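Below is one structure, written out as structure tokens, with a few remarks after it.
Residues: numbered from 1 along the sequence shown. Owing to the predicted nature of the structure, the values given are computational and were not obtained by experimental measurement.
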Amino acid sequence: MSGGDWDDERLGDWMKAHVPGFAGPIQAERFAGGQSNPTYQLKTPGRSYVLRRKPSGVLLKGAHAVEREARVIGALRKVGFPVPELHGLCMDDAVIGSWFYVMEMVEGRIFWDSAFSVLPTAERGACFDAMNATLARLHQVDFRAIGLEDYGRVGGYVERQVRRWSTQYVEDEAAGRNAHMDRLVEWLSKNVPADDETSIVHGDYRVDNLIYHPSEPRVLAVLDWELSTLGHPLADFAYHAMMFRMPPKIIGGIRGVDLAATGLPDEAAYVAAYCRRTGRAGLPALDYYVAFNMFRFAAILHGIRGRLIRGTAASAEAADLSSHFEEVAELAWQQATKTAPAV
């Protein structure tokens with residue numbers, strides 16, 4: 001972790017004016033990781049805070065919207081959903097050079113793989129189930145009742161997302177074509193399920209975006225709301241649940257893991273738990289939603305490959321990610337062929 005590239009005194013003045021009980025001086029340390037919105041721990045003699053900011057420089061319109069993150073965190077906190085307490089949002093570039101918000105530093109455990117491999121086998125199932133319970137709870141929050149009725153468009157989420165990522169894939173000619181992706185562009189658009197619903201969706205719900213209680217199998221905070229919006233809850237659940245169909249080398253998948261020996265439920269039991277908590281009889285379109293999410297992920301990897309070819313993404317991490325493109329595209333098509341004949 002490294003310090004912040006700002007004037008600590010100016011930030012301290014803002015904190016004094018907006019954060020009750022604040023007393024400096026500030027020591028800033030940046031969290032390591034791939035967050036597109038840089039995130040820092042702010043240490044003071046009395047307590048620690050977390051600051052999340054837009055990157056410096058020219059940004060794409062609508063990207064890195066920390067103000068949206070602050071809004072959804074503040075709204076969910078009011079109904080007791082596990083998110084950090086929001087202390088304040090600053091939309092004045094003069095303070096640290098970009099917009100930012102400050103929230104509480106939640107102390108607890110972060111796990112980096114979906115199998116909870118660092119835990120004793122007997123403790124893993126309860127922590128795994130807590131992921132399910134927390135996401136089910138999010139999808140049942142009445143977004144209108146907490147003032148988020150305009151946080152996104154109501155209805156048509158999956159259709160819009162399919163169109164968006166299909167366009168991204170097709171227009172990036174430098175990254176090349178893939179037969180599975182070409183089939184998916186057509187198949188996904190023709191087979192959008194009719195079960196349209198709207199809820200708050202996290203957009204990137206994974207185990208490493210959760211903070212657990214230091215000793216209990218309980219989620220204290222859900223982090224990284226950058227991709228949150230109003231959308232289809234089953235698409236959000238399927239993004240999370242596709243860990244069952246992804247290999248461990250790709251975004252923490254658990255396909256091929258001996259789940260029973262590891263103390264974890266299989267996919268059917270995990271889906272049943274979500275359905276029980278959300279009052280559903282089942283998820284008949286799950287294969288579609290998993291195919292869609294794998295397609296979306298493959299389109300992202302395709303975009304990374306395009307940036308590598310154009311010389312605008314040169315990191316080893318980018319090269320490694322893009323190397324999984326063909327495999328993820330094939331996995332996505334396998335999900336599609338579970339539900340309908342090939343087109």
Geometric class of the Phe116/Tyr212 ring pair [parallel <30°, tilted 30-60°, perpendicular >60°]: perpendicular
Qualifying residues under side chain to side chain donor-acceptor pair (under 3.5 Å), relative to Asp236, sequence neighbours excluded: His139
Tyr289 and Asp195: side chain donor to acceptor below 3.5 Å: yes
Salt-bridge criterion met for Arg10 and Asp8 (N-O under 4.0 Å): no
Sub-4.5 Å side-chain heavy-atom contact between Arg277 and Asn132: yes
Interatomic distance, Glu327 atom CD to Met294 atom CE [nearest 0.5 angstrom]: 10.0 Å
Tyr270 and His240: CA distance, side-chain angles, deciding distance, side chain to side chain donor-acceptor pair (under 3.5 Å) verdict: CA-CA 11 Å; Tyr270 198 74; His240 171 58; 2.6 Å; yes
hydrophobic_cluster_shared for Trp165 and Leu227, side chain cutoff 4.5 Å: no
Cation-pi geometry met for Arg68 and Tyr151 (6.0 Å, 45°): yes
Ionic contact status for Arg144 with Asp142, cut-off 4.0 Å: no
Flag side-chain contact, heavy atom, 4.5 Å: Val201 against Ser228: no
Phe237 side chain reached by Leu283 side chain, heavy atoms, under 4.5 Å: yes
Atom pair CZ (Phe100) and CH2 (Trp6), whose distance is rounded to the nearest 0.5 Å: 8.5 Å
Donor-acceptor contact present, side-chain His180 to main-chain Val328, <3.5 Å: no
Check ion pair Asp172-Arg307 (N to O, under 4.0 angstrom): no
Side chains of Thr44 and Tyr49, donor plus acceptor under 3.5 Å: no
Within the 6.0 Å centroid threshold, strictly below: Phe292 and Trp187: no
Polar contact flag, side-chain donor to acceptor under 3.5 angstrom, Thr262-Asp258: no
Lys54/Glu69 salt bridge by N-O under 4.0 Å criterion: no
Hydrophobic cluster membership, Leu135 vs Leu223, 4.5 Å side-chain cutoff: no
Carboxylate-amine/guanidinium contact Glu67 Arg71, below 4.0 Å: no
Side-chain H-bond candidate by donor/acceptor type, Tyr169 with Arg177, under 3.5 Å: yes
Trp333 reachable from Val170 in the ILVMFWY side-chain graph, under 4.5 Å edges: yes
Beyond-backbone contact of Thr278 with Pro233, side-chain heavy atoms, under 4.5 angstrom: no
Presence of salt bridge, Glu216 and Arg109, under 4.0 angstrom: no
Under-4.0 Å salt bridge between Glu159 and Arg164: no
Residue pair Gly252 / Met243: nearest heavy atoms and the distance that separates them: O-CB, 4.3 Å
Shared hydrophobic cluster for Leu138 and Ile211 (ILVMFWY, side-chain gaps under 4.5 Å): no
Criterion side chain to side chain contact (heavy atoms under 4.5 Å, CB included) on Tyr157 and Thr198, from CA distance to verdict: CA-CA 8 Å; Tyr157 172 79; Thr198 301; over 6 Å; no
Side chain proximity check, Ile26 to Leu11, heavy atoms < 4.5 angstrom: yes
Residues that Arg245 engages under side chain to side chain donor-acceptor pair (under 3.5 Å), provided they are two or more places apart: Glu267, Asp287, Gln335
Note, Phe244 side chain near Val290 side chain (heavy atom, < 4.5 Å): no
Joint cluster assignment, Leu210 & Met105, ILVMFWY side-chain distance < 4.5 Å: yes
Counterpart residues, side chain to side chain donor-acceptor pair (under 3.5 Å), relative to Glu171 (two or more places apart): none
